[in-house]
Protein chains: 2
Amino acid sequence: MNTSRPRGPGRPALTRTDGTPIRVLVVDDDPDLAEVLSGALRYEGWEVRTAGDGVSALAEARGLLPDAVVLDVMLPDTDGFTVLRSLHTVRSDVCVLFLTARDAVEDRIAGITAGGDDYVTKPFSLEEVVARLRGLLRRAGMARQLEDGPRLTVGDLTMDEEAREVTRGGELVELSPTEFELLRLLMRNPRRVLSKAQILDRVWSYDFGGQAHVVELYISYLRKKVDAGRPPMIHTVRGAGYVLKPAAVGP
Amino acid sequence: MNTSRPRGPGRPALTRTDGTPIRVLVVDDDPDLAEVLSGALRYEGWEVRTAGDGVSALAEARGLLPDAVVLDVMLPDTDGFTVLRSLHTVRSDVCVLFLTARDAVEDRIAGITAGGDDYVTKPFSLEEVVARLRGLLRRAGMARQLEDGPRLTVGDLTMDEEAREVTRGGELVELSPTEFELLRLLMRNPRRVLSKAQILDRVWSYDFGGQAHVVELYISYLRKKVDAGRPPMIHTVRGAGYVLKPAAVGP
DNA sequence: GCGCGCGCTGAGAGCGGGCTCAGAGGTTGC
DNA sequence: GCAACCTCTGAGCCCGCTCTCAGCGCGCGC
């Protein structure tokens, strides 16, 4: 217990190999979006800085030497590809996650994913951004392995994030993308009650206009697939939210 | 500082005989292309430097003493063959992979390949460059064999990269060049979901302007040949991509 | 014990991701 | 110069996914 900042999950944080927090630089010209993003990343226990354009991004990078950079492709002064090149001269093994509009010129993004970097299209969900970043850091060998690789486990429920495979008691459970994302959030916060608003904020895109009712719906879907006939792991806390726990041992 | 870490897939990385990362120098006057190339090679866990012309290439080479060099034939100051000669004075056993335009002087290239080096014509795919480099290093005895040679195996599916032979359950499977390249990528990343964008970036040429639709098409071709009538190994993960797994056991 | 309202679930519409077929254009080899 | 093959585009179809709506059960406060 040496954490200096209020951190969300009780789960072990992903840290650098020397135990200090992962350092991330968020670069986006929309201050609101940058704020939301950095909030979510701080929640992971990481150290976050922000920048609004390419020039200040590079300046920040030189000072911070970040492990990873979240980088909007469309910047007021330059484009992301140029920034990427410069970033690599600052720190050659930096991980970069691009943010791009869905219908943007994807040809310039081409080649990015091949280099080990990754991208998500706007509008994205925070869970997705965090998951991609974790994946990048893990593959780059930049993070200390506190868990056994890319596998999440709660009770007899396991999730392999890379293979996108979920099993309960050894049996394969097939999930749709949204179901998978929701279960991932629950599994990364076991024994912690998450409100519908929290879930909505993290699993659904930030521009989602719908109501919290979808959360109930997808919880219902998950129960059918994950709890089906077995001792329940997904519990409702009336008036508060939902919580995932290992199934009770009793008869 | 250029500390290459164990990047990329969980598969064992090809390393030097002493276990340290393979050292590669990328020489191309197009900075974007050099960036993409070095990204892909770093993803292999190799240590990469870049240079934009013949003079700085030689300077870098003297410092790095690279195991292999990816060398554009057309350079702003000299041509690749001159650089090749100088490189051999720096390190006589260096492996060289030439990058050349399709209609370049192929007769001069022919002489090169006789010497143990190799070449690819622009535009190329990253998978091809990486595969050729791996082949060169392996033949030169420069890399530690962590896998059993040039043979990939997933379940009852095998691929001999050098002979370009693929078998499923002992039966020969005949593939077109693109199909082969796509299957190689899948086999080098078993149990890992690859997005269509990732596949496009690695298997298709960097100047390919088309849509991700071709990936679906070629997956469909592969299924007809690889999975034909057998328990399927190629799986679609809706909204995420494709994954290759050993066929499920049991009925 | 009663009623309110939160939460659960079934039905179904709309959409878009993914698969396949057909065919054009290009390349290779004979 | 022709034939075979390979690659890619376009169109059409199917179906899984997502979300809205509506009705019902049940927990909880009174």
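Lettering of chains follows the sequences in order, A, B, ..., and the numbering in each one begins at 1. Since we're looking at a predicted model, the values are computed, not measured.
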Check: Between NZ of A/Lys225 and CZ of A/Phe180, what distance do you get to the nearest 0.5 Å?
Finding: 12.5 Å
Please list each protein N or O that sits under 3.5 Å from an N or O in nucleotides 19-21 of chain C, with the distance.
residue, atom, partner, partner atom, Å
C/dC19, OP1, B/Arg223, NH1, 3.1
C/dC19, OP1, B/Thr236, OG1, 2.5
C/dC19, OP2, B/Tyr242, OH, 2.6
C/dT20, OP2, B/Ser220, OG, 3.2
C/dT20, O4, B/His213, NE2, 3.2

Item checked: Nucleotide D/dT7, atom P - distance to CD of B/Glu179 in whole Å -> 7 Å
Next item on the list: Spell out, as yes or no, whether a donor-acceptor pair under 3.5 Å connects the side chain of B/Arg132 to the backbone of B/Tyr119.
Entry: yes
Note to self: If you compare every side-chain N and O of B/Thr178 against the phosphate oxygens of D/dC6 (OP1, OP2), does one of them come in below 4.0 Å?
What the structure shows: no
Next item on the list: Rounded off to whole Å, could you give me the CD-to-P distance for the A/Glu181 and D/dT18 pair?
Entry: 10 Å
Notebook entry, point to check: Between D/dT20 atom P and A/Tyr218 atom OH, what is the distance in whole Å?
Noted result: 10 Å
Next item on the list: Report the distance from atom CG of A/Leu175 to atom P of D/dG16, rounded to the nearest whole Å.
Entry: 15 Å
Next item on the list: May I ask you to evaluate whether B/Trp204 reaches the phosphate of D/dC8, defined as a side-chain N or O under 4.0 Å from OP1 or OP2?
Entry: yes
Checklist line | For atom NE2 of A/His235 and atom C1' of D/dG27, their distance in whole Å | finding: 17 Å
Item checked: Nucleotide of D/dC8, C/dG16, D/dT18 approaching B/Phe208 most closely (side-chain heavy atoms) -> D/dC8
Item checked: Backbone of B/Ile234 reached by a side-chain donor or acceptor of B/Asp227 within 3.5 Å -> yes
